[in-house]
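Down below is the structure, laid out as structure tokens.
Everything numeric in this text was worked out from a predicted model, so none of it was measured. Just so it is clear: chains get the letters A, B, ... in the order the sequence lines come, proteins before strands, and each one is counted from 1.
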2 protein chains.
Amino acid sequence: MPETARPDHRYGNRPTMKDVAARAGVGLKTVSRVVNGEPGVTPDTERRVQEAIDALGFRRNDSARVLRKGRTASIGLVLEDLADPFYGPLSRAVEEVARAHGALLINGSSAEDPDREQELALALCARRVDGLVVIPAGDDHRYLEPEIKAGVATVFVDRPAGKIDADVVLSDSFGGARDGVAHLIAHGHRRIGFIGDQPRIHTAAERLRGYRAAMAEADLPVHDSWVSLGSTAPDRVRTAADAILSGPEPVTAIFAGNNRVTVTVVRVLADLDRPVALVGFDDFELADLLRPGVTVVAQDAAQLGRTAAERLFHRLDGAPGNPQRIELPTRLITRGSGELPPAD
Amino acid sequence: MPETARPDHRYGNRPTMKDVAARAGVGLKTVSRVVNGEPGVTPDTERRVQEAIDALGFRRNDSARVLRKGRTASIGLVLEDLADPFYGPLSRAVEEVARAHGALLINGSSAEDPDREQELALALCARRVDGLVVIPAGDDHRYLEPEIKAGVATVFVDRPAGKIDADVVLSDSFGGARDGVAHLIAHGHRRIGFIGDQPRIHTAAERLRGYRAAMAEADLPVHDSWVSLGSTAPDRVRTAADAILSGPEPVTAIFAGNNRVTVTVVRVLADLDRPVALVGFDDFELADLLRPGVTVVAQDAAQLGRTAAERLFHRLDGAPGNPQRIELPTRLITRGSGELPPAD
DNA sequence: ACCGCAACTGACAACGTTGTCTAGGCTCTA
DNA sequence: TAGAGCCTAGACAACGTTGTCAGTTGCGGT
């Protein structure tokens with residue numbers, strides 16, 4: 001065997017425009033024109049080029065194209081967990097908007113870890129995504145400043161950016177929680193528990209604030225043992241719920257801070273012999289089929305994603321102006337669990 | 001104003017290695033070495049370069065890097081709908097494996113449209129993803145042949161590839177459905193309905209086959225009006241269920257072909273006055289909390305994704321051998337709905 | 001028959017990075 | 001002290017594409 005083995009072409013053995021040009025007996029640029037549907041090519045030439053393309057199985061290398069053109073036609077999405085039923089629809093909505101703008105979506109899960117969020121976001125920037133949609137895990141996003149300055153459009157969703165000024169789209173967590181708790185109060189409850197996500201997460205803090213506001217507006221005291229913030233892992237939530245329900249001043253109702261908390265609380269309540277009212281933040285599938293149906297403060301995840309993505313492309317199209325804060329309303333959906341009377 | 005305006009740098013105004021080199025007073029390649037942590041740079045030089053990098057906010061352009069190196073360290077995932085609770089965890093699992101191999105994940109939703117699947121898959125190939133994980137919407141994947149030949153590792157999940165030979169990872173749809181239906185038969189049912197997805201979808205066809213096999217093994221006839229395949233849109237499923245339940249020979253049990261069908265059937269049955277047994281393919285959150293709990297044939301979406309992604313990277317690492325077909329077992333989870341006796 | 005003009009085509013540089021190769025300076029040994 | 005050898009550093013080409021520009025051809029009009 002002579003050592004004339006073809007040099008390892010890196011992409012397997014992909015034909016390039018040069019190969020196509022050689023085969024068709026035309027210039028490189030002519031192939032480029034055909035591939036991109038640019039005018040100024042005779043039908044006859046075009047046919048020859050097209051034949052060569054088909055014969056070789058050529059496909060344009062967008063990677064190289066990007067280098068020349070400067071836009072990658074891709075955007076990045078950093079979220080917490082794609083497997084969470086709240087983020088699936090959000091991601092899909094972002095994808096649809098991207099698709100409408102001819103862009104692809106690269107997404108990454110931060111697993112609620114600020115370091116991983118940063119690592120992901122910067123990796124996306126290195127890929128030169130045109131824009132970034134971020135659901136913050138951390139509370140300091142100054143690391144994105146150089147990127148934003150360099151032209152990476154950035155929109156935050158669900159939670160505001162930390163320590164930088166940027167577009168943000170979020171649900172009215174404060175108002176939603178306040179309304180949900182007021183709903184329980186209107187049905188006669190005076191001792192209401194709150195179980196939420198970790199307090200460093202903005203939405204969790206806002207919802208707690210809403211809870212406190214509703215209680216204060218009704219002149220109701222809030223006993224420390226009624227409030228529990230922390231991980232949304234089932235075990236933690238279960239423990240918290242048990243504690244809140246069995247304390248010296250047992251609550252007659254619980255407000256759950258997000259969908260994961262809600263479903264765990266539903267499980268806990270199902271094993272209880274006395275009825276306890278429940279309102280949860282976030283709607284979830286089948287909430288209507290449970291007995292009683294679960295009353296929720298619903299936010300529209302898809303709408304959040306859509307709005308954020310549209311804002312992003314708006315910026316990419318050169319929309320000027322200061323960063324905006326867009327707040328979407330929530331909606332109380334009554335299904336039974338929130339209308340149970342207090343079992344005093 | 002003289003017209004000496006800086007030429008529009010395409011990426012906003014990003015510094016390049018050349019800029020860093022100029023600022024640090026070193027050669028271009030030296031910057032490259034520092035950025036990539038290659039040896040052969042004096043600590044002093046390295047410091048100067050690092051300072052320049054920080055001062056300019058330089059970030060390596062991976063797009064250009066890819067062009068040189070040939071590997072993009074990214075893989076593509078084409079699935080049906082990221083918002084579907086079955087695909088969220090699958091996607092997340094693929095992402096985790098990719099992350100472990102230092103790769104990013106680009107995903108796209110085909111919306112169960114073969115044309116869109118092809119468009120997406122080819123767009124990903126144009127981006128030169130290193131590999132592709134595909135959940136087929138169509139049944140002809142010959143369009144991927146040139147790509148695969150050119151070195152794009154490709155693994156199909158959940159459904160086999162059409163008309164090409166490739167690695168595939170799937171659940172045992174046939175066996176799972178057969179077991180589920182046999183379970184109903186074991187509980188005394190003789191008239192059992194089947195509602196499934198469109199028959200062109202492989203899993204749907206397999207599950208129907210499993211249903212028929214179980215019925216045949218028990219010497220039970222299958223009345224045409226008991227079987228309904230089609231879209232999984234709630235309206236369609238509701239209509240189908242109504243028809244099956246009210247026909248001349250009304251069924252006493254229903255086998256639902258996937259999670260979307262199951263939840264709609266649950267809704268229909270909830271409005272019924274006679275009890276009808278139900279077993280569904282796919283597990284879903286809260287299935288245990290419904291009354292009765294929903295008995296399901298569970299498949300592990302995350303495990304499917306993980307297995308497929310690992311197979312993919314295995315191939316990328318040069319694993320030889322013919323395409324493999326990996327079939328994962330399903331698991332029957334009894335919760336009550338499948339154990340209801342026939343209400344004859 | 002010649003000029004002007006438009007339509008078509010291709011040579012070439014550039015995008016930002018990395019691999020190769022060579023130059024220069026230093027240390028170490030004989 | 002000269003030669004060998006190592007370490008650092010930079011010049012240069014290449015990756016596959018697109019923008020610019022200049023060359024060639026053919027046509028119509030005078």
Side-chain angles (χ1 to χ4, degrees), chain A residues 6-49 52-53 56-73 125-128 150-151, chain B residues 6-49 52-53 56-73 125-128 150-151:
Chain A
R6 304 261 319 266
D8 263 341
H9 282 178
R10 286 97 38 83
Y11 300 110
N13 221 327
R14 285 204 168 278
T16 69
M17 285 192 179
K18 202 166 139 195
D19 300 324
V20 175
R23 171 150 187 152
V26 301
L28 182 54
K29 185 62 216 244
T30 300
V31 177
S32 173
R33 276 191 267 259
V34 171
V35 169
N36 295 294
E38 287 169 28
V41 181
T42 345
D44 181 59
T45 311
E46 174 164 1
R47 190 186 43 73
R48 286 206 336 271
V49 171
I53 289 177
L56 295 174
F58 166 81
R59 181 166 314 282
R60 181 180 65 198
N61 185 334
D62 277 357
S63 222
R65 174 169 221 248
V66 153
L67 187 57
R68 255 329 302 248
K69 305 208 74 140
R71 282 268 175 123
T72 58
C125 290
R127 301 286 170 116
R128 294 296 188 269
Chain B
R6 304 261 318 268
D8 263 341
H9 283 179
R10 288 97 37 85
Y11 301 110
N13 220 326
R14 285 207 168 272
T16 70
M17 285 192 178
K18 202 167 140 193
D19 300 323
V20 174
R23 169 148 188 154
V26 301
L28 181 53
K29 185 62 216 245
T30 300
V31 176
S32 173
R33 275 191 267 259
V34 171
V35 169
N36 295 294
E38 286 169 29
V41 181
T42 354
D44 181 58
T45 311
E46 174 164 0
R47 189 186 43 72
R48 288 210 327 276
V49 170
I53 287 176
L56 295 174
F58 167 81
R59 181 168 313 283
R60 181 181 65 198
N61 186 332
D62 277 356
S63 221
R65 175 168 220 249
V66 153
L67 186 57
R68 259 323 308 241
K69 306 208 70 141
R71 280 272 174 118
T72 57
C125 290
R127 301 287 170 114
R128 295 296 188 269

May I have the step-by-step check of side-chain hydrogen bond (donor to acceptor under 3.5 Å, both in side chains) for Arg127(A) and Asn61(B), ending in yes or no?
CA-CA 6 Å; Arg127(A) 301 286 170 116; Asn61(B) 186 332; over 6 Å; no
Distances for protein N or O near nucleotides 23-28 of chain C N or O, under 3.5 Å:
none

Is there any protein nitrogen or oxygen under 3.5 Å from a nitrogen or oxygen in nucleotides 12-14 of chain C, and what are the pairs?
residue : atom : partner  : partner atom : Å
dA14(C) : N3   : Arg68(A) : NH1          : 2.9

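Looking at heavy atoms from C-beta onward, Arg48(A) lies in side-chain contact with Val26(A) at the 4.5 angstrom threshold. For the pair Val34(B)/Val31(B), no side-chain contact is recorded, criterion being any heavy-atom separation below 4.5 Å from C-beta on.
Not counting sequence neighbours, Ala22(A) has no partner by the side-chain contact (heavy atoms from CB on, under 4.5 Å) test. Partners of Arg23(A) under the side-chain contact (heavy atoms from CB on, under 4.5 Å) rule, at least two apart in sequence or in another chain, are Ala52(A), Ala55(A), Leu56(A).
In this structure, NZ of Lys18(A) is placed 15 Å from C1' of dG10(C), rounded to the nearest angstrom. As a whole-Å value, the separation of Arg59(B) CZ from dT17(C) P is 12 Å. Arg71(A) places its CZ atom 19 Å from the P atom of dC15(C), with the value rounded to the nearest Å. Rounded to a whole Å, the CE atom of Met17(A) is 19 Å from the P atom of dC15(C). Spacing between atom CD of Glu46(B) and atom C1' of dT8(D) amounts to 13 Å, rounded to whole angstrom units. When the C1' atom of dA7(C) is taken as reference, atom CG of Asp44(A) falls 15 Å away, rounded to whole Å. Atom-to-atom, CG of Asp19(B) to P of dC15(C) comes out at 10 Å; the value is rounded to the nearest Å. One atom, CG of Asn61(A), and another, C1' of dT17(D), lie 8 Å apart when rounded to the nearest Å.
Here the side chain of Ala64(A) is nearest to one of dT17(C), dT17(D), dG10(C), namely dT17(D).
Among the candidates Val35(B), Asn36(B), Leu28(B), Thr30(B), the single residue satisfying the side chain to side chain contact (heavy atoms under 4.5 Å, CB included) test with Ser32(B) is Asn36(B).
For the segment residues 32-42 of chain A, the set of residues with a heavy atom within less than 4.0 Å of an atom of DNA chain C comprises Arg33(A), Gly40(A), Val41(A), Thr42(A), in numerical order.
At distances below 3.5 Å, at least one donor-acceptor pair connects side-chain atoms of Thr16(A) with backbone N or O atoms of Lys18(A). Although no hydrogens or angles enter the test, the distance criterion places no donor-acceptor pair under 3.5 Å between the side chain of Asp62(B) and the main chain of Arg65(B). Between the side chain of Thr72(A) and the main chain of Val66(A), no donor-acceptor pair closer than 3.5 Å is present.
Pairs of residues two or more places apart, or lying in two chains, never qualify as salt bridge (Lys or Arg N to Asp or Glu O under 4.0 Å) while including a residue from residues 28-41 of chain A.
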